Amino acid sequence: MIRVLIVDDEIYAVKGLRSGVRWELIGVDEVHEAYHAPMAQQLLLEQPIDIVICDIEMPEISGLELMEWVKAQGMQPETIVLTCHSEFEYAKRAIHLGSFEYLLKPVVYTELEETLLTAISRVKEKRRISETDDQYNKIVELWNSRKPMLVERFWQDLLERRVSSNPDAIRQSLSAYDMRMSTVEQVRLILISVESWERPLNERDELIMEFALRKSAEELLLEKLSGNVIQDHRGNILVVLHLGEVEAAREEIEALCRNYLEACRQYFYCRLSCYVGQLTAVSEVLQSYLALLNKEYRNVSMAGGVIWSEDPLSNSARPAATFTESMLDWADLLEQGSTAELSLKLAEWTDSMDSTKATVETLTAAYHALLQVIYYAMHRKGLQAQQLYENHACSGVETATRSVVQFKLWVSCIAEAAGSLFARTMSVSPIVQKVKAHIAEHLNEELSREQLASIAFVNPAYLSRLFRKETGMVLTDYILKERMERAAELLATTDRSISEIADGLSYGNFSYFARLFRKVHGVTPQEYRKPYRKVQ
């Protein structure tokens with residue numbers, strides 16, 4: 001739609017233009033009239049005017065002064081100036097103020113129509129450019145809003161080996177996320193480990209708190225340093241410090257971490273540890289990641305502090321076999337139940353051993369390394385170490401390390417034992433089974449996540465993640481479902497009053513019990529019981 005405003009203190013001049021120009025033919029949809037500058041200003045504020053045809057000589061406020069006002073308001077209509085004088089100064093000032101054309105009175109209508117057609121073309125072109133700019137700005141805004149997620153995906157892909165560690169491949173991936181290789185050429189990882197929550201939290205509260213931990217890490221740990229806060233597929237929170245252009249001293253990182261740990265303890269009621277990796281090239285960040293996972297897994301004596309990967313743990317009696325990239329794959333295959341693929345990987349590993357060069361020391365290191373992989377996978381599954389040997393009697397370290405042949409036999413035995421164990425517990429882990437059994441036997445009691453974790457001998461946060469992963473439900477929802485199923489059974493098979501049933505399931509408030517029952521079963525307890533009363 002094209003809107004035109006005619007401004008002239010001579011009303012007959014306005015009416016003449018209104019009737020003399022073939023507005024519809026040239027593509028003008030609306031024509032507005034103003035007989036002085038204040039009237040024009042009001043119309044310009046109320047209507048989106050595209051073209052202004054304005055007389056220069058008007059009382060009180062001239063046409064040129066009106067154009068200055070329009071420019072000051074940030075409006076950008078095309079302007080056609082009309083005057084009885086042909087002085088160059090008028091024309092020069094009108095052009096300076098953005099006038100599109102300068103015409104002399106009396107106006108020739110056909111000439112004005114041609115000028116209007118050109119002005120209309122300019123209006124449409126400006127609209128097209130504006131729409132393009134709007135689309136571009138929306139794309140930029142969308143990109144900027146999603147860039148943190150895309151950058152997080154880059155680091156996740158790199159740590160999960162979906163992006164090659166080759167520098168050229170990394171550089172190509174970075175360019176897709178508008179990141180420069182120089183800024184991340186050297187990086188340092190910080191693994192944030194939640195040791196415990198100091199206040200009881202339900203599942204939803206814990207998820208909110210974990211989100212808060214990530215956001216506060218962005219604000220405190222990245223307050224003075226460049227980097228990203230990400231979460232890997234195992235649920236670990238990681239800070240990636242970009243130190244390609246600026247290095248940070250150990251003291252500065254230590255201070256930032258301790259400030260973060262204290263803030264989280266004070267405001268989020270949790271005890272954390274920060275595991276700080278070595279400064280490494282981005283192409284070798286995977287090795288640093290694996291080293292931090294191994295450091296956290298082996299740490300049983302130091303908690304609630306800042307732990308550096310290069311510092312020895314106080315509980316390490318001897319150097320521990322560390323995870324390698326392939327070994328972490330073995331743990332994943334074992335946890336997923338891919339025993340056939342794991343056997344192939346292990347066969348390739350043992351076949352690569354040179355029997356003429358193998359020593360007791362190298363075989364012993366390999367023995368402990370594989371055990372660490374299996375124990376690590378079992379730990380993530382919630383399995384106890386002794387369960388590995390319940391149905392298999394594999395040889396000990398002394399026998400397994402006598403020769404490469406004996407070692408291969410041990411690897412085959414221990415892999416079969418681990419595969420069998422994971423196959424038996426693939427659907428539900430022993431921890432979840434134990435918790436479910438305890439819930440079923442104690443539906444008449446108050447049940448908290450901390451209490452359930454204590455009977456399973458695991459961390460409450462770990463229990464929540466494991467239970468949700470195994471069952472697809474949060475603990476509180478599962479307990480509610482079990483109680484309401486028990487309530488339905490009692491309503492159908494006994495004559496106990498609804499209040500007695502509610503009280504027996506640890507619901508002292510009858511109305512609250514009725515609301516929960518309806519939430520699960522879709523009807524009130526009274527409505528649920530009616531059909532069974534008729535049968536009796």
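Since the model is a prediction, treat every value here as computed from it, not as a measurement.
Here Asp351 pairs with Lys408 under the salt bridge (Lys or Arg N to Asp or Glu O under 4.0 Å) rule; sequence neighbours left out. In this structure, the side chain to side chain contact (heavy atoms under 4.5 Å, CB included) partners of Gln406, at least two apart in sequence or on a different chain, are Thr399, Arg402, Ser403, Leu409. With sequence neighbours excluded, the residues satisfying side chain to side chain contact (heavy atoms under 4.5 Å, CB included) with Ala415 are Leu346. Judged as a salt bridge (Lys or Arg N to Asp or Glu O under 4.0 Å), and not counting sequence neighbours, Glu416 has no contacts. Taking the salt bridge (Lys or Arg N to Asp or Glu O under 4.0 Å) definition, one finds that Glu284 meets it with nothing, sequence neighbours left out. Residues meeting the disulfide (SG to SG under 2.5 Å) test with Cys394, sequence neighbours left out: Cys413. Residues passing the salt bridge (Lys or Arg N to Asp or Glu O under 4.0 Å) test with Arg258, sequence neighbours excluded: Glu254. In this view, Leu222 and Val229, Val239, Leu241 satisfy the side chain to side chain contact (heavy atoms under 4.5 Å, CB included) rule, not counting sequence neighbours. For Leu220, the side chain to side chain contact (heavy atoms under 4.5 Å, CB included) test picks out Asn259, Tyr260, Ala263, with sequence neighbours left out.
Between Trp349 and Phe407, the two ring planes are perpendicular [angle over 60°; tilted spans 30° to 60°].
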Checklist entry - Between Val285 and Val240, does a side chain to side chain contact (heavy atoms under 4.5 Å, CB included) hold up when you go through it step by step? => result CA-CA 10 Å; Val285 70; Val240 186; 5.7 Å; no
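A donor-acceptor pair under 3.5 Å links the side-chain atoms of Arg188 to the main chain of Gly277, judged by distance alone.
Applying the salt bridge (charged side-chain N to carboxylate O under 4.0 Å, His left out) test to pairs two or more places apart or on separate chains, those with a residue in residues 214-230 are Glu152-Arg214, Lys215-Glu218. The salt bridge (charged side-chain N to carboxylate O under 4.0 Å, His left out) contacts involving residues 500-516 comprise nothing, where partners must be two or more places apart or lie in separate chains.
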Could you list the donor-acceptor pairs under 3.5 angstrom formed between side-chain atoms of residues 440-447 and any protein atom two or more places apart in sequence or on another chain?
unit_1, atom_1, unit_2, atom_2, d
His442, ND1, His438, O, 2.8
Glu446, OE2, Ser506, OG, 3.1

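Minimum heavy-atom separation, Gln526 to Phe510: NE2-CZ, 3.8 Å.
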